[in-house]
Amino acid sequence: MPLIVQKFGGTSVADAGRIENVAGIISDTYAKGNNVVVVVSAQGDTTDDLIAKAEEINPEASRREMDMLMAAGEQISASLMAMALQRRGVPAVSMLGWQAGVETDSNYSNARIKRIHTERIERELSGNRVVIVAGFQGINKYDDITTLGRGGSDTSAVALAASLHADLCQIYTDVDGVYTADPRICPDAVKLDEITYDEMLELAALGANVLHHRSVELAKKYNVDLEVISSLTKVPGTKVKETVKMEKMLVRGVTRDNDTARIALVGVPDEPGIAFKIFSLIASKKIEVDIILQSIGRDGTKDISFTVHCGDLKTALQLLEENKDRINAKSVTYDDNISKVSIVGAGMATNSGIAAKMFEAMYSAGINIKMINTSEIKVSVLIDRADAEAAVRAVHEAFFPKD
């Protein structure tokens with residue numbers, strides 16, 4: 001029997017009506033003769049509500065205890081979904097991450113999956129049951145519950161699909177596919193029928209809130225057949241695959257990421273090893289760094305700027321302050337009121353003038369650029385957060401003009 005993994009996000013299971021809708025999708029898939037494994041997120045704003053509850057009790061709560069709390073949201077969704085299916089006469093069983101064999105490292109609140117022991121799931125599938133797995137979570141070597149970070153249910157689904165050699169992994173969400181921009185910002189955004197793993201990975205990492213970037217990494221690594229599709233409308237979604245046919249589209253998408261803060265180390269010694277000292281410190285706390293800019297050295301010093309997620313800013317600044325003698329910077333400044341706007345497309349690598357066209361659009365809109373970062377398939381700029389939506393609209397119009 002074909003095996004299909006289906007993941008449903010928080011908006012798809014937000015209330016009883018949405019759960020019934022999703023139960024209908026799952027039961028239809030099951031009735032067609034498929035084995036089905038379902039991964040669910042926490043309902044609606046449950047995760048934010050749990051975080052708020054924790055802050056009421058202890059704003060400095062340990063990450064271990066936060067993981068214990070955060071995992072509760074997905075447990076609720078999984079059990080309710082199993083109940084909805086059972087009411088429809090579909091045999092179903094819900095599992096927490098550890099019951100489904102999801103083993104992770106011990107990086108609480110942002111754990112990575114090490115392996116999945118699939119024996120329990122396979123046993124349930126052999127009994128013709130639909131398996132509902134609580135996404136976003138697993139267990140470490142200390143038998144502690146861990147969570148995979150924001151968007152981790154996508155990663156749970158793709159990892160399960162890879163481990164179970166599923167025929168298809170469907171990511172159901174409240175949008176009906178991947179668009180050239182956020183339709184809420186650009187009403188003229190175009191839905192893509194298909195997109196490459198590399199392009200989707202860049203879009204996900206740069207703020208396209210459709211798939212979690214780690215899920216795309218896994219899909220590419222294990223060649224998982226992946227589809228982004230709506231749980232609310234019955235229309236075809238977007239296929240994510242190795243190669244696509246849309247050769248003429250140089251840019252596939254424009255994104256905005258508000259979860260960005262810039263740190264600047266001013267006047268650090270212009271000598272070998274200083275970058276290593278700085279970024280080995282940052283790496284020791286598992287803080288992800290994106291854009292890095294180093295100035296030309298003058299008078300024996302240089303400036304180094306880099307970006308981190310807003311949630312890591314406080315930790316990074318504290319770390320740099322504690323090690324200021326080792327770094328020997330004259331000052332450390334930061335800006336947490338910025339956004340990153342990016343364009344992504346595999347066709348950019350062999351076509352000149354793409355970056356210039358983006359910069360022209362931003363110039364015409366009167367938007368100042370603070371930092372620039374490029375790769376073979378993306379161009380990213382840092383700008384004031386207040387200009388972000390206008391920048392996305394201006395850049396999107398430049399590459400996807402209205403008919």
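Owing to the predicted nature of the structure, the values given are computational and were not obtained by experimental measurement. Heavy atoms only: backbone and side chains are in, while hydrogens, waters and symmetry mates are out.
Of the possible polar contacts, none joining the E202 side chain to the K378 backbone as a donor-acceptor pair under 3.5 Å is found. Although no hydrogens or angles enter the test, the distance criterion places no donor-acceptor pair under 3.5 Å between the side chain of T238 and the main chain of V228. Under a 3.5 Å cut-off, the side chain of T180 and the backbone N or O of V190 do form a donor-acceptor pair. The backbone N or O of C310 sits less than 3.5 Å from a side-chain atom of D259, completing a donor-acceptor pair.
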For this session: Would you sort out whether Y334 and L317 count as a side-chain contact (heavy atoms from CB on, under 4.5 Å), showing the intermediate values?
Result: CA-CA 9 Å; Y334 70 92; L317 291 173; 3.6 Å; yes
Problem set entry | Chi angles and distances behind the side-chain contact (heavy atoms from CB on, under 4.5 Å) call for T260, D290 | CA-CA 9 Å; T260 299; D290 184 19; over 6 Å; no
Problem set entry | Candidate pair R393 and E389, rule salt bridge (charged side-chain N to carboxylate O under 4.0 Å, His left out), full reasoning | CA-CA 6 Å; R393 284 191 288 267; E389 291 194 6; 3.7 Å; yes
Exercise. Step by step, would you call I19 with M81 a side-chain contact (heavy atoms from CB on, under 4.5 Å)?
Worked result: CA-CA 6 Å; I19 288 175; M81 188 59 65; 3.9 Å; yes
For this session: Start with the C-alpha distance between D67 and T147, add both sets of side-chain angles, then the distance that settles side-chain hydrogen bond (donor to acceptor under 3.5 Å, both in side chains), and finish with yes or no.
Result: CA-CA 6 Å; D67 278 5; T147 65; 2.7 Å; yes
Exercise. side-chain contact (heavy atoms from CB on, under 4.5 Å) between V344 and V251: does it pass, once the steps are laid out?
Worked result: CA-CA 6 Å; V344 173; V251 172; over 6 Å; no
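The shortest heavy-atom contact between V308 and I287 is CG1-CG2, 3.8 Å. Heavy atoms only, all atoms of each residue included: L319 and L281 are closest at CD2-O, 3.0 Å. Across every non-hydrogen atom of P2 and G33, the tightest pair is CD-O, 3.8 Å. Nearest heavy-atom pair, I383 versus I369, reported as atom, atom and distance to 0.1 Å: CG2-CA, 4.2 Å. Across all their heavy atoms, T118 and S163 have their closest contact at CG2-CB, 3.8 Å. Between L125 and V36 the shortest heavy-atom distance is CD2-O, 3.7 Å.
Applying the side chain to side chain contact (heavy atoms under 4.5 Å, CB included) test to K330 and every residue at least two apart in sequence or in another chain returns T301. Every salt bridge (charged side-chain N to carboxylate O under 4.0 Å, His left out) that R150 has, sequence neighbours left out, goes to D48.
Taking 4.5 Å as the limit, every side-chain heavy atom of M83 sits out of range of all side-chain heavy atoms of I132. Between K191 and D176 there is a side-chain heavy-atom pair separated by less than 4.5 Å. Put simply, the side chain of L164 reaches to within 4.5 Å of the side chain of V37, judged on heavy atoms. Side-chain contact between L226 and K239: absent, with no pair of heavy atoms (C-beta onward) separated by less than 4.5 Å. The shortest side-chain heavy-atom distance between M70 and T47 falls under the 4.5 Å cut-off. Counting heavy atoms from C-beta on, the side chains of L160 and I116 come closer than 4.5 Å. L80 has its side chain out of reach of V40: every pair of non-hydrogen atoms, C-beta onward, lies at least 4.5 Å apart. Put simply, the side chain of D144 reaches to within 4.5 Å of the side chain of R64, judged on heavy atoms.
Within the model, atoms CG of L265 and CD of Q294 stand 10.5 Å from one another, a figure rounded to the nearest 0.5 Å. Note that CD of E199 and CD of E194 are 10.0 Å apart. Values are rounded to the nearest 0.5 Å. To the nearest 0.5 Å, atom CG of residue L203 and atom CG of residue L201 are 9.0 Å apart. Note that CD1 of I372 is 9.5 Å distant from CG of L293, once rounded to the nearest 0.5 Å. The CD1 atom of I51 lies 12.5 Å from the CD atom of E56; values are rounded to the nearest 0.5 Å. Interatomic distance, CD of E271 versus NZ of K277, reported as 5.5 Å (0.5 Å rounding).
Residue pairs meeting the salt bridge (Lys or Arg N to Asp or Glu O under 4.0 Å) criterion with at least one member in residues 152-175, sequence neighbours excluded: K7-D154. Judged as a side-chain hydrogen bond (donor to acceptor under 3.5 Å, both in side chains), the pairs with a partner in residues 14-30 (not counting sequence neighbours) are, in order, Q6-T29. Within the structure, ring pair (Phe, Tyr, Trp, His ring centres under 6.0 Å) contacts touching residues 139-193 (residues at least two apart or in different chains) are F8-Y172. Pairs passing the side-chain hydrogen bond (donor to acceptor under 3.5 Å, both in side chains) check and including a residue from residues 126-141, sequence neighbours excluded, read S106-N140, Y108-N140, E124-R129. Counting only residues at least two apart or in different chains, ring pair (Phe, Tyr, Trp, His ring centres under 6.0 Å) contacts with residues 34-77 are absent. Evaluation of the side-chain hydrogen bond (donor to acceptor under 3.5 Å, both in side chains) test over residues 278-288, restricted to residues two or more places apart or in two chains, returns E288-H309. Here ring pair (Phe, Tyr, Trp, His ring centres under 6.0 Å) pairs that include residues 260-283, with residues two or more places apart or in two chains, are F279-F306. Annotation: salt bridge (Lys or Arg N to Asp or Glu O under 4.0 Å) contacts involving residues 302-313, sequence neighbours excluded, comprise D270-K302. The list of side-chain hydrogen bond (donor to acceptor under 3.5 Å, both in side chains) pairs with a residue in residues 71-99, not counting sequence neighbours, is empty.
Using a 4.0 Å cut-off between charged side-chain N and carboxylate O, D384 and K370 make a salt bridge.
Within a 6.0 Å radius of CZ in R385, more than 12 heavy atoms belonging to other residues, nucleotides or ligands are found. Annotation for F359: atom CZ counts as buried by contact number, over 12 foreign heavy atoms lying within 6.0 Å. Residue M68 places its CE atom among 12 or fewer non-hydrogen atoms of other residues, nucleotides or ligands, all under 6.0 Å distant.
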Residues 214-223 side chain polar contacts: donor-acceptor under 3.5 Å, at least two apart:
residue: R214; atom: NH1; partner: N110; partner atom: OD1; Å: 2.9
residue: R214; atom: NH1; partner: L148; partner atom: O; Å: 3.2
residue: R214; atom: NH2; partner: A111; partner atom: O; Å: 2.4
residue: S215; atom: OG; partner: H212; partner atom: O; Å: 2.5
residue: K220; atom: NZ; partner: D198; partner atom: OD1; Å: 3.4

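Screening E322, E321, K314 for a side-chain hydrogen bond (donor to acceptor under 3.5 Å, both in side chains) with Q318, the sole residue that qualifies is E322.
Side-chain atoms of T146 and T104 form a donor-acceptor pair, as typed in the model, at a separation below 3.5 Å. Counted by atom type alone, E65 and S62 present zero donor-acceptor pairs between their side chains at under 3.5 Å.
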